[in-house]
Every structure is written in structure tokens, then in C-alpha cells.
2 protein chains.
Amino acid sequence: MAARHEEIAEELRRAIDRGEYPVGGTLPTESDLAARYEVSRGTVRQAVAALTSEGRIGSRQGARRVVLGNRRSQSFAELRSFAQWARAMGRTATGRVIEQYRRPATAEDVERLLIPPGSDVLQVLRVRGLDGEPVLVERNAYPIWVAEAVERLPADCESVVQALYDDIGIIFAYGEHTIDAVAAGTQDAELLGIRRGGPLLRIRRTTTTHAGRPIEWSDDRYRQGSVSFAVANSIGSNPLARHVG
Amino acid sequence: MAARHEEIAEELRRAIDRGEYPVGGTLPTESDLAARYEVSRGTVRQAVAALTSEGRIGSRQGARRVVLGNRRSQSFAELRSFAQWARAMGRTATGRVIEQYRRPATAEDVERLLIPPGSDVLQVLRVRGLDGEPVLVERNAYPIWVAEAVERLPADCESVVQALYDDIGIIFAYGEHTIDAVAAGTQDAELLGIRRGGPLLRIRRTTTTHAGRPIEWSDDRYRQGSVSFAVANSIGSNPLARHVG
DNA sequence: GTCACCAGCTTGTCCAAACAAGTCTCGCCT
DNA sequence: AGGCGAGACTTGTTTGGACAAGCTGGTGAC
């Protein structure tokens, strides 16, 4: 929180949360805010742009900015790491490795991990839970250059992301998520303790380093009712895309 | 496409698409791009910020920008309107109203539509399809001030969004989406022609005007395998949030 | 009363400059 | 060969100014 525009954004978030700028009302003008915080208008614009992209305020040329809601979005750290997310929510994350083995890369692995055809990947199957109750089946594939570090991890490792950073300095910097629904297979049903064919929320995710090099891809299946995902969008910005199939 | 920074963003998108800046490679520096397009560095920064928020390129202080992929995100118009989305994909959207009636607002309606307790809402149940095949069950609730215009629509109206704009000038400006998975109920199963209890992808959405006034909220249930949703995120920006329950 | 229009306000766009902060490469030293 | 550091390079932050574009409310004509 060094940058002034981030400080201002955080102050505005708090002001919205405590009702100083009520939902449905308007924010002060950029000039007002600039004077109040003793910064230039450009810095204020950076701050309000952050709130806009979070969906907290609306923005339209010529009109005062409107407060849309006081939803608080998650940090990237909380989204990519199940353990960190659970901790932020005050829950206890559990988890254990069910299977872990190397196998030849499939066509999907080659495409998602940008690895040469014929190379191996490390396949890991984990079950994760909240407060002891199983919530999520996670199937990860790691390219060979990561595999060794993953294999060194204990079976009940809480935060894989944190461990890989501490061990070999890998930073999970970018993620792409595809969300759909699937029926529980035999293995899913068994591990989550539900009926076969029941609804699961599936997130397929590819994570890359700062340089865009894929670190892992994953197929996460959440038990019905356990979690939901939220996205805000507007005419100006739309992070969400809908695809056929 | 009036603003110069938008033009530059679009040119960069096209350059990435045609492989001029390959995935995994780097973009020219801001100064280079500023010189090439004969604009200031600030304008270039606006352009690359757009690509960054789309997840196409990565950005890190001190290092050159990295090309992450050539995914193309959807416009807001395509996301909020099923008909417009289908058209953009070259598919034919079908749809019909199954039920439509006014009813007293529930607690959920009051909270989501910011209406006074005790007022009425218009409930509409639609089935929508792609190329004749049913794909989606849509349950909408509209506040009273919108209800009259909705009731004037024909039962097979293609684009409700477009019709409401033409009729009473309502603009769907902001949306908030919550995504999870549910089991198909009896009615869902019947309307979509699937087995009861099968997996459905559910999107609950609230849409508001520019002023933040809710226009509708909707519970959309997509048949398994028919559509998926995609989101890109990074350490710098994370539009996606995960919630319990 | 109603409508059109205008003036003032507010946000959007763009520029030029300077410095801060982080990255990367290359050469030197051990 | 390997590690370390200096310096060049690149992106991030901030300022101040100017004009464009769009909204809003009020005034005046009808």
C-alpha cells in the first residue's frame, strides 16, 4: 500500500462500507476528491478506476459517479490458493493427496502447458475440505520443470502455491478460469460423499508465471452448494466471457 | 472507436491475433509504441491497460510486457442479451415465455431490486434455445416500474434488452453475476428435456441502470455442456471472487 | 404546462515532464 | 565457472494543464 492512489482507493472503499457514500448515491467529483486528498486529478482517477473495475461504483462521462454496492472482491492470492482463501474466511482448510504419478502428456496438456509433445507431466489428485468436510476434488497437471518441487511436498501440504514459492521461487502471476457444470463421476462421488451424477461446479484453470510460462493446469470440482463465484461487469468493462460448450 | 487509445488497443489486439507479437513473447516498450503511433506515453498506457484487464498481456514494473494469449473477451452487450450473444456466434436464438404473472415481492426481491417491502414484482419464466435446441431456463423478476413495458412484449420477443431500450429508453448498464451449480428441478428437467437431478450451471444476475437502479434480477440455468464462462485474472487485477455457499 | 435549448458542471482524453522502483544484462572479480 | 554489482532499461507514480464530450437543471418561448 505504498502508492497514493491505492491508499485513496482503500479510503473510498472504507467510506462506502461505512455508509458515508450510500448505495445509489453519488461520489464527490474528481476535483473535490483531489482537493480533499491533496493530489492531482490524475491520481484520483487511478483510485476511482480501481473501484470501477471492482464493480463498486459506476462511471459515465458527464455525470457524477454512482455507488453501486459494497461488495468486496478477493485478492488474487485468495483465489488461486484454496488454503489462503479458507484462512481469509476464518475457515480451516484440509486437504490430502489421493494420487500422484507421472504420465505422458495428452494433447490437452500440450496445448494448455505449452510443452513439447511426448514430454511427461505430473498428475496430482487432491481432495480438499473446509472444517473437515470435503468440498473440492482437484486434478492438477504440472510440467516437468515444476514436477520435482511438487513431489517434494508433504501429502497434506496446505498451500501448494506458498510452498512452491518458498522452495524454487515460482510466482503464480496470471490465471485463466473456465467455469461450467458437470455431473459427478464415480470417483468424484466417492471422494466427496455424494450421489453419482449429481451437480458439480467445475473450474478449469491455467496458471502462468510473470513471463507467461504455464505452471499448472487444474480441473477443480466443487460440491453443489459449497462455493459460488461472483463477477461484476459494466458497459465499460466486461471481464466475463460466455462460450458455447 | 473515437478515442486514440482505443484505436491503439484494437491495433495491438489485431497484431497479437496475427502473430506479430507471439504468445510468450514481449511487446515493444511504451516509448517505442508512443513513437510508432505518435502519441504520448500516457495514451499508450491507457491502451495496454485495456489489454491487461482483458488478460491478453501481462505487466510487471521494470520488465517488458508479456503476451499471455489471444483470447477475445465478449462485449457487455453480448453477455447481458442472450439473443445478441447468439447472433455474434452465428447461431440462431429461440425463446418463448412459459409463464408471466405479477406477485408480491419476497425478501430476496426486496434486497436485490431495492424496492419497498410489500410491492409487487413481475415474474417471467422463459425457455431459450440455440438452433432450436433448448439450452437455458430463465426466471426473471422485474420491479413494477419496468413491468408494464415487459408485459407489452410479444411472447417470442428475441431481445428483451433491445426492446426495453427502444420502448422506454432503459439502458442495462451494470451487471453482477453469481455462478454456481445446482441440480435440475422437476420443471427445469421438463423444460430442458433432461433427467431430474442432473447438473445445471446457474447464473444469478442483477442488472442496474447507469444510476444504479436495479432493472431486473434473474436466475438462469444452463444445461450441462451447453455453455461455459471464462475469466482472466492476475496479481494486479482480479475481477473474480469466490464465496462460500 | 410543456418543450427546446443553453450554460455550467463533470468526466473522458491527451500531452509533456520528472522521478521512483524494479528488471535485466554484461562485465568484473573471486 | 559462478556469483556479485553497476548501469542501462522499462514500467509505475504523480503532477499540471488544456480541451472535448456528455449530463443536468433551469430559463424562456410557445
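Here is how names work: the chains are called A, B, and so on, in the same order as the sequence lines, proteins then strands, and each is numbered from 1. Here the structure is a predicted model, which means the values were calculated and not measured.
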For this session: State which residues pass ring pair (Phe, Tyr, Trp, His ring centres under 6.0 Å) with B:Phe82; sequence neighbours excluded, sorted by chain then number.
Result: B:Trp85

Exercise. Taking only residues two or more places apart in sequence or in another chain, which ones pass side-chain contact (heavy atoms from CB on, under 4.5 Å) with B:Thr26?
Worked result: B:Arg64

Exercise. Sequence neighbours excluded, which residues qualify as side-chain contact (heavy atoms from CB on, under 4.5 Å) partners of B:Glu11?
Worked result: B:Arg14, B:Tyr37

Exercise. Mind checking what makes ring pair (Phe, Tyr, Trp, His ring centres under 6.0 Å) contact with A:Tyr142, not counting sequence neighbours?
Worked result: none

For this session: Using salt bridge (Lys or Arg N to Asp or Glu O under 4.0 Å) as the criterion, list what pairs up with B:Asp32, not counting sequence neighbours.
Result: none

For this session: Walk along DNA chain C from 5' to 3' and tell me the first and last nucleotide with an atom closer than 4.0 Å to a non-hydrogen atom of chain B.
Result: C:dT13 to C:dC24

Exercise. Listed by chain and number, what are the side-chain contact (heavy atoms from CB on, under 4.5 Å) partners of A:Arg91, not counting sequence neighbours?
Worked result: A:Ala86, A:Met89, A:Leu130, A:Asp131, B:Val244

Exercise. What does nucleotides 4-16 of chain D look like as a protein-contact string, B for base, S for sugar-phosphate only, - for none, at under 4.0 angstrom between heavy atoms?
Worked result: ------BBBBBB-

Seminar exercise, completed: With sequence neighbours left out, the residues meeting side-chain contact (heavy atoms from CB on, under 4.5 Å) with A:Glu30 are A:Arg41, A:Val44, A:Arg45, A:Arg65

